[in-house]
Each structure stands twice: as structure tokens, then as C-alpha cells.
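The structure appears right after this line, and notes come after that.
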Amino acid sequence: MKTLLKSFLLALKKLPAMAGGYASLLLMLSCSLLMFFTAHRALNAKIPVSLRIAYVNLDKTEASAELISSIKNANGTAVELIELEQTETASRALDSGEAEGMLVILSGLEENLKSGGAALDYIPARGASSAQAARELIAGEAVTLGSRLRAEAYFEKLTGRAPTAEEKHALNEAYTSEREREGSAVVRQTVFSGASSEKTTESDLLGAFYARYSGFAAFVMMLVLLMIGAFSGSKDEKNCLERIGSYSRGRSMGFFSSLIALMLIGIVILALSFIPSRGASLIQFAAGAAYAFCASSLALLLGGLSGSARAELASPLVAFLTALAGGCFTDTAALGSGFKTLARFTPQGQYLAALNGETVFIAVLIGAGLIMLLLSRLLAAAAKRAVQAR
């Protein structure tokens with residue numbers, strides 16, 4: 001107990017040295033808090049509930065009228081469509097701020113939708129935040145209409161006659177039911193001109209790339225701890241260990257004081273990450289503390305291997321690669337079982353899995369941290385023997 005207390009007191013003295021001074025330590029924590037507030041606000045920004053779009057209908061058919069009608073109140077989003085006769089007029093509406101985007105329905109809409117060709121053109125206003133939401137909404141309605149039109153064409157080809165209104169309704173209901181089934185093969189087709197004509201499934205890789213606040217917080221904590229942990233391989237740390245090595249259990253105190261200092265910084269960053277979200281559950285705190293311990297152990301191990309204080313140069317790369325593999329910026333479930341398994345071998349992936357309800361990974365994080373601590377101790381012992389042999 002006495003050794004632990006001495007290690008804790010030594011850790012408090014090491015903190016400013018590891019961070020480059022009290023001013024640097026305060027600046028680092030302040031910047032971390034600012035980043036957490038910025039990320040939380042950005043990642044929780046609300047999708048626009050209404051859109052104001054100017055459109056030019058060059059098709060003038062029943063299909064284009066049906067598409068316009070379906071877009072107006074699609075997916076619970078109120079869309080105000082302003083019909084204009086010429087694209088030049090619609091462009092002026094964009095420039096003046098009267099509309100957030102311009103939709104051009106190209107001629108031959110029905111045939112283009114049936115064949116999977118380019119049938120629409122959407123131009124967002126400069127700086128419009130709704131551009132992606134508008135494209136997805138319009139494309140979704142166009143794909144739905146195209147699938148129904150193809151179903152009618154197949155019906156006519158098989159029966160030799162056009163379907164009646166009742167049969168059209170039945171075909172539409174059958175398609176909608178099939179589309180909503182889990183695992184059904186629905187193909188997303190190109191509907192905007194200028195886009196690639198290559199067809200992809202709805203679970204493509206771009207749809208899996210996204211950011212999550214907990215992943216961002218895990219990335220920041222790992223980056224900070226790895227950079228500060230580089231101190232354990234510096235000349236200052238080695239000199240400190242030499243000075244206290246003559247005391248009973250002096251080297252152990254020096255080693256564990258570095259771990260405690262890193263853990264203190266990790267816990268403070270964890271607490272700062274909970275401020276924008278206004279608190280955390282017991283599971284979230286337990287998973288975060290286990291992750292801080294694992295990341296601190298990794299920082300000590302990499303710092304000890306570096307042999308100099310320049311290990312911080314590799315820290316951003318290590319932090320980013322492990323965050324990317326761990327699923328901080330990706331949905332691992334959407335990328336397949338192989339990527340999900342890979343994520344479980346990183347501290348970030350284990351932390352996010354624990355937050356998702358797999359609490360067994362809290363123990364895994366602690367176990368991984370203990371293994372890295374053991375490796376660090378063995379590395380330190382080997383370095384000590386090498387010095388004594390000289």
C-alpha cells in the first residue's frame with residue numbers, strides 16, 4: 001500500500017513532465033473538450049425536415065407526374081416543389097436562395113428508369129446542407145417507380161396485354177412487400193445523369209462509412225495517450241529511473257507511476273467526452289476505464305520500445321490505423337464478418353463492442369492491458385540487464 005501511495009504521488013509530479021508542462025497539459029485537455037463538443041454537435045445535427053426544390057419537367061408524361069407526386073411527401077420529409085419551365089429560371093432560383101436545389105426530369109423518364117439509365121439531374125445550391133438528403137430521397141422514389149414500371153412491362157410481356165388498374169395495384173403491393181423483406185435483393189440503379197452506370201447493392205461500402213461519437217472519443221484518447229506515453233522511452237525518464245533505482249522497489253515505483261499518470265489523463269479525457277452527451281451509464285464508464293487502462297498499457301509498451309522521445313511521431317499513424325480497423329469510423333457489421341473479427345483485435349473495437357452490450361470485452365480490455373504491462377516490464381528488465389552488462 002505504501003509503495004502504491006508513493007507511486008501515485010510520483011505520478012502527480014510526472015504529469016506535467018510527460019505533457020511538457022502545466023500549460024501544455026491544460027491546453028491539451030481544453031482542446032480535447034473543444035473537439036468533443038464540436039464532434040458531438042456535428043454528429044448529432046438534425047436532417048432537414050423540409051426541402052424547397054425547383055424542378056423542370058422535360059418529360060411531361062404520366063410517369064413524371066407520378067414521380068413528382070411521390071417526392072412531395074417521401075419518408076416523412078415535406079418537400080416543396082416549385083415547377084419552372086426553363087432550367088435558366090431554376091438556376092436563378094438557386095442563385096437567389098429561393099430553392100435549395102434544382103431537379104431536372106429528363107425526357108424519356110419511363111424508358112430510362114426501366115433500363116436503369118440516367119433519368120434525372122439534381123444540382124444543389126452552393127453550400128446547401130441538404131444536398132445529400134435530397135439526392136437520396138429523390139433517387140429512392142425514382143428507383144421505386146422504375147421497379148414498378150419494369151414489373152408492369154414484365155406482366156405485359158408474359159400476358160400479351162397491359163395490366164389493369166387493379167393488377168397494377170397488386171404488382172406495386174407485391175414489389176413493396178418484397179423490397180421491405182430483410183435480406184431481399186433490391187438493386188440500386190443510376191438515376192442521376194453524370195453518375196456511374198455501374199450497379200451496386202444497397203449494402204455497398206460507401207454506405208458503411210460513417211462516424212460515431214464514441215468512436216471519435218476513443219480515437220482522441222488513444223492519440224493523446226500514445227503521444228504522452230512516448231515519455232517512457234525518453235532520456236528524462238531513464239534518468240529518473242536511475243535516480244530512484246537505489247531505493248527499495250524504486251524502479252517498480254517509477255514504472256507504475258508512469259502507468260498511473262497515463263491512467264489519470266485517460267480518465268480525465270473520458271470524463272470530458274461525457275460532458276457534451278450530459279453524462280454516462282455505469283457500463284459506459286466501466287468500459288471507458290478499461291479502455292483507458294488498455295490504451296495506457298499500450299502507450300507504455302510502445303514508448304519503451306521507442307528508446308527515444310520521438311515515438312510521438314508515429315503515434316498519430318498508430319492511433320488512426322487502429323481506430324480505422326477498430327470501427328471508430330466504420331460500421332463493421334456492414335463490411336462483413338472478416339472486418340468485424342479484425343475490429344475485435346484492437347482496443348477501440350473491443351471498447352465499442354462493450355458499449356454495444358458485449359460487456360465481456362471489458363474483461364478482454366483489462367486482460368490485454370495486463371499482457372502489455374507484463375511485456376513492458378520484461379522489456380524494462382532486459383534494458384536494465386543490458387546497462388549493467390556494459
Side-chain angles (χ1 to χ4, degrees), residues 41-42 45-153 162 168 172 175-176 179 186-202 204-207 209-210:
R41 185 177 181 85
K46 294 183 179 179
I47 298 174
V49 295
S50 63
L51 296 171
R52 185 179 174 87
I53 300 173
Y55 76 94
V56 179
N57 188 359
L58 302 179
D59 185 65
K60 306 287 186 182
T61 62
E62 183 179 341
S64 60
E66 184 176 345
L67 176 63
I68 293 168
S69 177
S70 65
I71 291 174
K72 284 185 177 179
N73 286 288
N75 297 328
T77 303
V79 182
E80 182 181 353
L81 294 178
I82 308 169
E83 184 176 8
L84 299 173
E85 293 298 323
Q86 297 179 336
T87 56
E88 292 79 6
T89 308
S91 297
R92 286 196 293 270
L94 290 187
D95 296 335
S96 64
E98 295 180 28
E100 299 175 61
M102 176 179 69
L103 171 65
V104 179
I105 303 175
L106 304 178
S107 300
L109 174 69
E110 182 170 342
E111 292 304 317
N112 286 327
L113 289 179
K114 287 180 179 179
S115 62
L120 308 170
D121 195 6
Y122 183 77
I123 304 172
R126 185 183 299 274
S129 60
S130 60
Q132 185 61 28
R135 281 184 177 274
E136 291 180 1
L137 185 149
I138 295 169
E141 296 305 313
V143 168
T144 300
L145 175 61
S147 298
R148 190 183 64 76
L149 292 174
R150 283 193 300 276
E152 293 179 12
K168 285 183 179 181
N172 188 46
Y175 167 73
T176 302
R179 186 170 71 116
V186 180
V187 177
R188 178 184 295 163
Q189 294 178 292
T190 300
V191 292
F192 291 110
S193 62
S196 170
S197 60
E198 182 181 352
K199 299 179 182 180
T200 59
T201 63
E202 286 193 351
D204 58 21
L205 295 183
L206 291 178
F209 195 86
Y210 76 111

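Side chains are part of it too, since the values below use all heavy atoms of this structure and drop only hydrogens, waters and symmetry mates. Computed from a predicted structure; not experimentally measured.
Minimum heavy-atom separation, A142 to L120: CB-CD1, 3.9 Å. Across G146 and L113, no two heavy atoms sit closer than the pair CA-CB, 3.7 Å. Between A54 and L84, the closest heavy-atom pair is CB-CD1, 3.9 Å.
With salt bridges taken as basic N to acidic carboxylate O contacts below 4.0 Å, none links E100 and R52.
Partners of T61 according to the side-chain hydrogen bond (donor to acceptor under 3.5 Å, both in side chains) rule, which considers only residues two or more places apart in sequence or in another chain, are D59. The side-chain hydrogen bond (donor to acceptor under 3.5 Å, both in side chains) check on E111 picks up nothing, with sequence neighbours excluded.
Separation of atoms CZ (R135) and CG (L103) is listed at 10.0 Å; rounding is to 0.5 Å. The distance from atom CE of M102 to atom CG of D121, rounded to the nearest 0.5 Å, is 7.0 Å. E83 contributes atom CD, which lies 6.5 Å from atom CG of N57 (distance to the nearest 0.5 angstrom).
Within the 4.5 Å cutoff, the side chain of I138 has heavy atoms near those of the Y122 side chain. The closest side-chain heavy-atom distance from K72 to L81 is below 4.5 Å.
A donor-acceptor contact shorter than 3.5 Å links the side chain of S107 to the backbone of L58.
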So I68 and Y55, side-chain contact (heavy atoms from CB on, under 4.5 Å) or not? Walk me through it.
CA-CA 9 Å; I68 293 168; Y55 76 94; 3.3 Å; yes
Contacts under 3.5 angstrom, residues 85-98 side chains, donor-acceptor by atom type, not counting sequence neighbours:
unit_1	atom_1	unit_2	atom_2	d
S91	OG	T87	O	3.0
S96	OG	R92	O	3.1
S96	OG	A93	O	3.2
S96	OG	E98	OE2	3.3

